[in-house]
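These notes concern the structure reproduced below.
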Amino acid sequence: MCGIFGWFGDPARLPSEPRLQAAVDALAHRGPDARRLLVRPDLGLALGHVRLSILDVDARSDQPFVTGHCTLVYNGEVLNFRELRAELERMGATFHTSSDTEVVAVGHERWGDAVFGRLRGMFAIALYEHATRRLHLVRDEFGIKPLLLHERGDALAFASEAKAIAEVAPLAVDGAVLGDLLSWGFPMEDASLYGVRFLPPGVRWTFAWHGAGWRREEAVVWRTRMAFGHGGPAPDAAALRGVVESSVADHLVADVPVALALSGGLDSSIVAVAAGRRSPGLRALTFSLASDLTADPEVEHATAVARAESLRHDVAQLPRADVGGWLRHVAFHLEEPIANPNALPGAALAAAVRAAGHKVVLVGEGADELFGGYPWYRLALAPELAADPGLLFDRYRQRRAQATLASCLRPDARRQADERTAAQRAAFVAWCRELPGDRLGAFQSFDLANQLQYSQLLRVDRMFMAHGVEARVPILYRPVLAASAALPPEQKLLPAEGPGRREKVALGAAFAALLPPSVAARPKFGATGTVDLWSTWLAGGLMTTSDRSLRDERLRPARDLLAPWLDWDRVAAARLTPKERFTVALLVEAVDCLLVTRGRPAPWPGTARP
């Protein structure tokens with residue numbers, strides 16, 4: 001896991017080396033173990049890398065990684081690299097490292113662009129091919145690893161985070177994306193608030209600069225929606241358990257110790273059980289907002305799993321200090337003001353993982369999207385909605401929208417947001433018609449491409465990488481997706497009322513015999529579900545911070561940048577929900593960090609263990 005930066009285009013426009021180095025330095029938190037920049041003025045090329053050493057920690061695997069065929073910078077892990085390496089060795093290839101990085105480089109030399117479709121894992125890759133002078137950018141099919149692009153005329157800048165691009169290219173608020181963020185709580189397309197865009201997951205973009213012109217080629221490598229609509233037999237409990245356990249085993253491959261994020265919910269508990277049986281004695285960390293740990297159900301259920309699997313178990317707590325300081329830290333690293341308050345405890349957990357001496361942690365994200373964990377998926381099971389995808393989208397939006405905050409947009413911005421919503425509705429309808437026999441699968445695949453990528457995965461990447469920790473997501477693996485896509489709707493979720501598990505039915509059944517009964521039956525929502533952050537002491541601090549974001553004169557320049565689209569008088573007068581108020585606070589702090597002050601916040605205040 002690392003951070004990457006690059007610039008490619010007209011050599012006459014190549015930024016100065018100090019500016020290029022500043023861009024790499026902006027990513028230092030992502031890779032504290034090594035930092036390098038390669039500049040080729042003759043080619044109009046600069047590639048930078050900050051390294052978090054996990055596989056082959058020797059300096060020989062530092063990047064940019066240069067061979068006779070290509071120069072490569074790469075963020076993430078290719079988890080099937082050993083199988084690919086063995087195949088390449090049978091073809092006569094020789095290797096000088098034990099890293100997955102060299103496998104990508106040698107694989108491209110032998111297989112060309114086809115190598116990208118053979119990679120399994122999480123990655124954002126920039127590979128410059130020497131002979132053809134082409135730059136290939138590729139991202140994993142789930143979008144686990146981010147890659148942002150700033151393409152203007154005859155120059156391209158790209159990076160793991162927007163703050164690096166800001167060192168070499170101007171950024172500005174994109175009012176259209178702002179409308180999505182205020183309406184949905186996350187972007188609804190591969191675009192950033194700051195006028196740059198994300199490389200779409202599962203595609204390859206190839207750029208070539210020939211002196212007389214600029215050319216871009218796009219190709220699909222593998223998209224998650226390709227897993228749906230194939231029919232075939234559904235896996236039974238044993239087969240599904242085996243697929244998940246195999247993925248967890250692949251995600252444990254590392255040359256440094258691996259930890260577990262254990263919340264006590266079904267998803268992280270399944271990952272912990274599978275990992276603990278594969279590698280006994282792993283450390284698991286649980287985050288708690290409770291002052292009395294004995295009264296925290298998260299700690300109770302996580303402790304039961306840890307004891308059953310003989311895991312070393314620590315509980316991390318967030319000191320009750322300056323919540324505004326924590327929020328600014330989150331805003332700086334998250335960049336996109338995503339309305340997901342789990343970013344705060346996620347950052348605290350990441351700090352605890354790093355303080356415990358770990359660079360790698362397994363997390364449980366993705367199970368809700370793959371196996372039917374969200375209650376809004378039941379909308380697709382209602383006959384009248386299943387027959388009308390447009391109406392299904394309308395009900396989905398009613399369920400997810402931040403309606404009061406969206407009403408604070410100025411009239412022109414409101415009209416633009418409505419037009420974008422209509423376009424999103426049309427895209428959803430077309431998406432569903434491509435999978436006519438599986439309305440739930442179509443709904444889930446749409447969520448994978450939008451909500452999962454930007455409300456969940458971007459948060460996970462940014463919060464853990466803020467502390468130099470690689471978060472691996474074993475549920476989001478192509479074989480697991482194929483197994484989940486083959487399940488009929490009734491094995492994903494059932495009507496809300498009734499005995500037993502009602503969501504993620506097949507996943508819960510596959511691991512019921514291995515989990516403590518209280519965990520196996522525990523729902524995601526409700527009185528016995530995961531802790532509602534808005535019912536904890538943290539909510540009060542966040543509301544105070546939200547109020548400060550509307551009044552603090554130091555934040556006025558950020559509010560002014562947003563004022564062409566957002567009516568601040570209406571925001572101040574509106575009866576916003578706690579989540580909407582959190583969104584406002586995060587938005588103002590993020591814009592101030594990225595576009596106004598552009599300075600790093602104070603260090604994370606730390607976490608405490610009992």
Side-chain angles (χ1 to χ4, degrees), residues 2 4-9 38 40 43-47 49 63-95 97 99-149 151 156-160 190 197-210 213-227 449 477-478 481:
C2 310
I4 67 175
F5 163 79
W7 194 98
F8 184 49
L38 181 151
R40 288 289 306 271
L43 301 175
L45 175 69
L47 294 172
H49 188 264
Q63 300 175 39
F65 192 84
V66 183
T67 71
H69 170 72
C70 68
T71 300
L72 171 70
V73 290
Y74 152 48
N75 169 32
E77 309 289 352
V78 171
L79 299 171
N80 64 331
F81 78 99
R82 290 174 175 168
E83 294 89 336
L84 296 176
R85 175 178 174 135
E87 186 176 346
L88 289 164
E89 287 175 330
R90 290 193 294 271
M91 297 170 64
T94 58
F95 290 84
T97 75
S99 71
D100 56 338
T101 304
E102 189 176 13
V103 170
V104 175
V106 174
H108 192 272
E109 182 176 6
R110 294 291 178 130
W111 296 319
D113 297 342
V115 69
F116 299 125
R118 304 186 66 175
L119 307 180
R120 302 288 182 271
M122 51 184 191
F123 49 82
I125 296 171
L127 186 150
Y128 181 77
E129 196 173 352
H130 298 157
T132 63
R133 296 193 173 187
R134 298 187 305 163
L135 176 71
H136 305 287
L137 301 180
V138 186
R139 200 167 165 220
D140 69 78
E141 60 264 31
F142 291 99
I144 302 171
K145 295 290 96 192
L147 185 59
L148 285 152
L149 315 176
E151 189 180 357
L156 168 74
F158 60 89
S160 301
D190 299 312
R197 66 170 300 165
F198 290 90
L199 181 71
V203 304
R204 170 180 56 82
W205 283 11
T206 297
F207 297 84
W209 168 253
H210 293 293
W214 180 260
R215 188 174 73 248
R216 185 180 80 189
E217 169 192 313
E218 301 182 22
V220 173
V221 177
W222 202 87
R223 306 300 295 268
T224 53
R225 64 191 300 174
M226 295 165 63
Y477 208 39
R478 201 177 299 179
L481 172 61

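Between W7 and G9 the shortest heavy-atom distance is CZ3-N, 3.5 Å. The two residues P146 and S160 make their nearest non-hydrogen contact at CG-O, 3.8 Å. When all heavy atoms of T71 and P64 are compared, the closest pair comes out as CG2-CB, 3.9 Å. I144 and D140 get closest at one heavy-atom pair: N-OD1, 3.0 Å. The heavy-atom pair separating W222 from A227 by the smallest distance is CH2-CB, 3.9 Å. G117 and R478 get closest at one heavy-atom pair: O-NH1, 3.7 Å.
Note: Y128 and H130 have tilted aromatic rings, judged against thresholds of 30 and 60 degrees for the angle between ring planes. Note: W214 and W209 have tilted aromatic rings, judged against thresholds of 30 and 60 degrees for the angle between ring planes.
Counting heavy atoms from C-beta on, the side chains of R223 and V203 come closer than 4.5 Å. The side-chain heavy atoms of L119 and V221, taken from C-beta on, include no pair separated by under 4.5 Å. Contact check for E102 versus F65: side-chain heavy atoms found under the 4.5 Å cut-off. The side-chain heavy atoms of L72 and I125, taken from C-beta on, include a pair separated by under 4.5 Å. Between R134 and D113, the closest side-chain pair of non-hydrogen atoms falls below 4.5 Å. In this structure the side chain of R85 never reaches within 4.5 angstrom of the side chain of L88, judged on heavy atoms. Residues V103 and V78 fail the side-chain proximity criterion, which asks for heavy atoms closer than 4.5 Å.
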### Task
Go through the steps to decide whether E151 and R216 satisfy the test salt bridge (Lys or Arg N to Asp or Glu O under 4.0 Å), and finish with yes or no.
CA-CA 11 Å; E151 189 180 357; R216 185 180 80 189; 2.7 Å; yes
### Task
Would you check, one step at a time, whether the test side chain to side chain donor-acceptor pair (under 3.5 Å) holds for T67 with E109?
CA-CA 10 Å; T67 71; E109 182 176 6; 5.0 Å; no
### Verdict with supporting geometry, R197 and L148, side chain to side chain contact (heavy atoms under 4.5 Å, CB included)
CA-CA 6 Å; R197 66 170 300 165; L148 285 152; over 6 Å; no
### Message
As a quick check of understanding, evaluate side chain to side chain contact (heavy atoms under 4.5 Å, CB included) for H108 and H136, giving each step before the final call.
### Response
CA-CA 11 Å; H108 192 272; H136 305 287; 3.7 Å; yes
### Test side chain to side chain contact (heavy atoms under 4.5 Å, CB included) applied to W205 and L147, step by step
CA-CA 12 Å; W205 283 11; L147 185 59; over 6 Å; no
### Task
For V104 and V115, run side chain to side chain contact (heavy atoms under 4.5 Å, CB included): C-alpha distance rounded to whole Å, both residues' side-chain angles, the deciding distance at 0.1 Å, then the answer.
CA-CA 7 Å; V104 175; V115 69; 5.5 Å; no
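A side-chain donor-acceptor contact under 3.5 Å links N80 to the backbone of R120. With hydrogens and angles disregarded, no donor-acceptor distance shorter than 3.5 Å links the side chain of D190 to the backbone of L199.
Here the rule is side-chain contact (heavy atoms from CB on, under 4.5 Å) with R139, and of F198, F116, F123 only F198 fits it.
Distance check: Q63 CD to Y74 OH gives 8.0 Å after rounding to the nearest 0.5 Å. In this structure, T206 OG1 and L135 CG are separated by 8.0 Å, a value rounded to the nearest 0.5 Å. Atom-to-atom distance recorded for L38:CG and L45:CG is 7.0 Å, nearest 0.5 angstrom.
Checked for salt-bridge contact, E87 and R118 meet the test: a charged N lies under 4.0 Å from a carboxylate O.
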